[in-house]
Each structure stands twice: as structure tokens, then as C-alpha cells.
Amino acid sequence: MDWNDVQIFLALIREGSVRSAGKKLAISHATVARRIEAFEKRLGVNLFNRLKTGYELTKAGEELIEAAENVESELHSIQRKLVGQDKKLAGTIKVTATELVASHFLIPELSSFMATYPHTKIKMIETYQMLDLSRREADIALRIGKKPPDNLIARSLAAISVAEYASKSYIENHDLDDPSSASLISRFSMDYGPTDYNNSQFKKLPVRGSFSTFRLQIEAAKHHVGIAKLPCFVAEKEPDLVRLSEKRLVEGYQIWLLRHPDTRATSRLRVFSEFLVEAINKHKYELENID
């Protein structure tokens with residue numbers, strides 16, 4: 001396989017259209033379409049169905065994703081090692097992330113980074129609070145939310161599909177259309193405020209439980225407290241929860257990588273930032289899937 005074809009294949013999946021993929025790769029959308037078609041001819045199989053609504057993965061295309069992401073991961077790993085040879089990476093890296101992002105995407109990949117750069121130390125701070133990067137409360141932040149302040153280097157890594165969920169028992173014992181019977185679970189923090197249910201089919205229901213993290217929201221929903229708006233990549237794996245609405249991408253549910261501009265020249269932070277991008281990219285399809 002030609003790595004450029006694999007890169008275009010992954011970009012088309014992650015960006016959702018040939019136009020967006022072309023913009024991401026700084027090539028024309030016609031080039032994206034032409035390269036994908038040539039890639040399919042060399043492989044002898046269709047990777048996508050061409051629909052009026054866009055490109056839809058075939059079974060063969062779905063089977064190629066893991067292999068393509070493994071190739072991408074290997075190339076990024078080599079690149080990090082080469083960068084580290086010029087300036088030996090050493091020192092402490094303080095990274096802050098929410099519990100869901102840290103436990104699902106970062107920690108499973110962390111050992112490979114630490115093995116590649118044995119002179120670095122990682123200090124991970126799990127919190128939903130916006131730590132002050134200018135005061136070095138953290139070097140790098142991964143946040144779920146809306147577009148961050150303009151005074152930071154911000155990179156959007158992935159959107160997160162969400163839907164409303166409740167436990168089987170809650171659905172059986174409550175009238176979900178009756179405000180006197182059913183209620184909502186909200187996530188609330190000083191930085192992000194309460195969960196927005198304005199465009200939800202359940203917006204007329206009252207909020208009777210507010211919790212500071214997604215993890216607490218999930219546990220509350222599992223224990224029959226109410227209906228919760230949750231990230232699908234986690235909620236879909238909970239056997240006690242039932243999805244009550246279509247998956248969708250909404251504003252405010254996006255993963256951002258944040259750094260202070262003064263850290264541009266710090267090699268270990270630059271390399272670790274690229275590691276984080278790679279770690280999230282491996283799961284971008286899972287995060288953004290609305291099927």
C-alpha cells in the first residue's frame with residue numbers, strides 16, 4: 001500500500017466528506033475522490049459505497065480501518081523517535097484531562113511513550129476544572145467543551161456523539177413524557193455549566209439531579225435516577241442503559257488539545273502533543289460515529 005493512499009482513506013473517514021478531507025490534507029476534493037478510486041482498483045475491492053449523501057464504508061472498508069490506523073501509528077512512532085534524537089527529551093510533563101478521556105484513550109497508550117522517552121516523567125491531573133496553563137498548573141490540557149479562549153494554542157481533535165439514555169428499570173417504571181413522573185440528569189461544573197437539553201425531545205422534563213462529571217452521570221443513570229445526555233462511546237457499552245434518542249453531534253461535545261503559546265519551543269511538550277493527537281485519532285471513528 002502507498003502511505004499517501006492510506007492517509008487519504010483515513011482522512012475521508014474522519015472528516016466525513018471528500019471536500020473536508022481535501023481541506024484537511026491541503027489537496028482538492030477531486031484529488032481525494034480520484035486517489036480513493038485508484039486505491040480501490042489496486043486493492044481489487046470497493047472501500048466505499050457512493051451515495052447521494054456522501055461516502056459510506058463497505059464491510060471491506062471497515063475491515064481496513066484497524067490496519068490503516070496501525071500503519072499510521074507506526075509512522076508517527078518513528079517520527080517521534082527521530083525528533084527525540086536531536087534533542088533528548090527529559091523532564092516532567094503535566095497533563096490534565098477529564099476522567100473519561102484519560103482512562104479510555106491516554107493511559108492505554110502511555111506506556112509506549114514512556115518506553116520511547118525514558119527520561120520523561122508524566123504527571124496526569126484528572127479534573128474538569130480549567131487549570132491555568134499560563135501559571136503552569138498544567139503544561140497540556142485535553143478538554144471536552146466548546147471552542148477555548150483565543151490566548152491558548154487550541155487544536156480540535158474529535159467531536160463526540162451523544163444521545164439520551166436511561167436504565168431499563170427507569171423506562172419500565174416511569175412515563176417518559178410526563179414531567180411529574182420522569183426527570184433529567186444534568187452534568188454541572190463551574191467551567192461548563194449545566195447540560196443543555198434545549199433541543200432534546202425530553203426538554204420539558206425537570207432536572208432533579210446534577211452531577212459534576214460524566215462518570216457520575218453514567219452511574220446515576222444506571223441506578224435509575226433519571227434520563228442523562230451521555231457520550232455514546234461510553235454509554236453504548238453499558239448493558240444496563242438503553243438509548244432513547246438518535247446519536248448526534250452537538251456543540252460543546254468536542255475534544256480540544258490546549259497549550260500555552262510560550263511552550264512552542266519546548267521539545268518534550270511538542271512531541272507529547274503529537275502523541276496525544278495520535279492517541280485520539282485511533283478512536284476518532286468510535287467517538288464521532290452516529291450510526
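What's counted below: heavy atoms across the whole structure, side chains too, no hydrogens, waters or symmetry copies. Just so you know, these numbers come straight off a predicted model, no measurement behind them.
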Neighbour count >12 (heavy atoms, 6.0 Å) for atom CD, Glu62: yes
Do Arg187's NZ or CZ and the ring of Phe214 fall within the cation-pi criteria of under 6.0 Å and 45°? yes
Is it true that Ile290 and Val162 fall in one hydrophobic cluster, defined by side-chain heavy atoms closer than 4.5 Å? no
In this structure, are over 12 heavy atoms from other groups packed under 6.0 Å from Arg14 atom CZ? yes
Val6, Leu57: one ILVMFWY side-chain cluster at the under-4.5 Å cut-off? yes
Taking the six-membered ring for Trp, are Phe105 and His283 parallel (under 30°), tilted (30 to 60°) or perpendicular (over 60°)? tilted
Just to verify, which of Glu109, Glu72, Glu66, Glu69 counts as forming a salt bridge (charged side-chain N to carboxylate O under 4.0 Å, His left out) with Lys282? Glu109
When clusters are formed by joining ILVMFWY residues with side-chain heavy atoms under 4.5 Å apart, either directly or through shared neighbours, do Tyr197 and Leu249 land in the same one? no
Should Lys284 and Glu15 be marked as a side-chain contact (heavy atoms from CB on, under 4.5 Å) after you check the CA-CA gap, both sets of side-chain angles, and the distance that decides it? CA-CA 10 Å; Lys284 194 166 184 178; Glu15 300 303 318; 3.5 Å; yes
Could you go step by step and tell me if Leu157 and Asn281 meet the side-chain contact (heavy atoms from CB on, under 4.5 Å) rule? CA-CA 7 Å; Leu157 301 188; Asn281 271 344; 5.9 Å; no
Which label fits Phe233 and His104: parallel for a plane angle under 30°, tilted from 30 to 60°, or perpendicular past 60°? perpendicular
Take atom NZ in Lys24; do more than 12 heavy atoms of anything else shown fall under 6.0 Å from it? no
Are side-chain heavy atoms of Lys123 and Val95 found at a separation under 4.5 Å? no
Mind listing the closest non-hydrogen atom pair of Leu205 and Leu176 along with its distance? CD1-O, 3.6 Å
Would Leu216 and Val225 show up in the same hydrophobic cluster when neighbours are defined by side-chain heavy atoms closer than 4.5 Å? yes
I'd like to know if the side chain of Lys229 reaches the main chain of Asp196, judged simply by a donor and an acceptor atom lying under 3.5 Å from each other, with no hydrogens or angles considered. yes
With a 4.0 Å cut-off, would you call Glu164 and Arg243 a salt bridge? no
Does any N or O in the side chain of Thr31 come within less than 3.5 Å of the main-chain N or O of Ile27, such that one atom is a donor and the other an acceptor? no
Does the Thr120 side chain pair with the main chain of Gly91, one donor and one acceptor, at a distance under 3.5 Å? no
Calculate, to the nearest 0.5 Å, the distance between atoms CG and NZ belonging to Leu25 and Lys23 respectively. 12.5 Å
Less than 4.0 Å between a side-chain N and a carboxylate O, is that true for Lys237 and Glu286? yes
Are Ile280 and Leu287 packed together at the side-chain level, in the sense that at least one heavy-atom pair is separated by less than 4.5 angstrom? yes
Closest heavy-atom contact between Ala279 and Leu106? CB-CD2, 4.3 Å
Minimal heavy-atom distance between Ala182 and Pro206, with the atoms involved, is O-CD, 3.6 Å
Verdict with supporting geometry, Ile93 and Lys121, side-chain contact (heavy atoms from CB on, under 4.5 Å): CA-CA 6 Å; Ile93 300 170; Lys121 297 180 180 179; over 6 Å; no
I'd like to know if the side chain of Ser273 and the backbone of Leu269 have a donor-acceptor N/O pair within less than 3.5 Å. yes
Decide if atom CG of Asp175 counts as having more than 12 heavy atoms of other residues, nucleotides or ligands within a radius under 6.0 Å. yes
Shared hydrophobic cluster for Leu257 and Leu100 (ILVMFWY, side-chain gaps under 4.5 Å): yes
Any non-hydrogen side-chain atom of Ile255 less than 4.5 Å from a side-chain atom of Arg143? no
Would you please classify the geometry between the Phe113 ring and the Phe275 ring as parallel, tilted or perpendicular, with 30° and 60° separating the classes? tilted
Is there side-chain contact between Leu258 and Ile140, with heavy atoms separated by less than 4.5 Å? no
Give, for atom CD of Gln217 and atom OG of Ser186, the distance between the pair rounded to the nearest 0.5 Å. 6.5 Å
Please name the pair of heavy atoms, one in Leu241 and one in Ser167, separated by the smallest distance, quoted to 0.1 Å. CD2-N, 4.0 Å
With side chains defined as the heavy atoms from C-beta onward, is the minimum distance between Val207 and Ile185 less than 4.5 Å? no
In plain terms, say whether Arg35 and Glu40 are close enough for a salt bridge, that is, a side-chain N and a carboxylate O under 4.0 Å apart. no
Salt bridge check: are Glu219 and Lys222 linked by an N-O gap of less than 4.0 Å? yes
Looking at NZ of Lys204 and CG of Asp177, how far apart are the two atoms once the value is rounded to the nearest 0.5 Å? 9.5 Å
Please give me the minimum heavy-atom distance between Ser156 and Gln254, naming the atom from each residue. OG-NE2, 2.6 Å
Cut-off 3.5 Å, side chains only: do Glu288 and Ser161 have a donor facing an acceptor? no
Can you see which heavy atom on Asn289 is nearest to which on Lys247, and at what distance? O-CD, 3.7 Å
Evaluate Leu244 against Ile227 for side-chain contact (heavy atoms from CB on, under 4.5 Å), listing each step before the verdict. CA-CA 9 Å; Leu244 303 173; Ile227 300 168; 4.0 Å; yes
With heavy-atom distances below 4.5 Å as the criterion, would you say the side chains of Leu142 and Thr96 are in contact? no
First locate atom OG of Ser17, then atom CG of Leu12, and finally report the distance between them rounded to the nearest 0.5 Å. 7.5 Å
Roughly how far apart are Ile153 CD1 and Arg270 CZ, rounded to 0.5 Å? 11.5 Å
Looking at Glu274 and Arg155, does any basic side-chain N land under 4.0 Å from a carboxylate oxygen? yes
Exactly one of Trp3, Phe48, Tyr55 should register a ring pair (Phe, Tyr, Trp, His ring centres under 6.0 Å) with Phe9. Which one does? Phe48
Is there a side-chain contact between Val271 and Tyr117 (heavy atoms, below 4.5 Å)? yes
I'd like to know if the side chain of Thr266 pairs up with that of Arg259 as donor and acceptor (distance under 3.5 Å, no hydrogens or angles considered). no
Relative to each other, are the rings of Tyr170 and His174 parallel, tilted or perpendicular (30° and 60° limits)? parallel
Kindly indicate whether the side chain of Tyr165, heavy atoms from C-beta on, has any atom under 4.5 Å from the side chain of Glu236. yes
Between atom CD of Glu251 and atom CG of Asn199, what is the distance when rounded to the nearest 0.5 Å? 10.5 Å
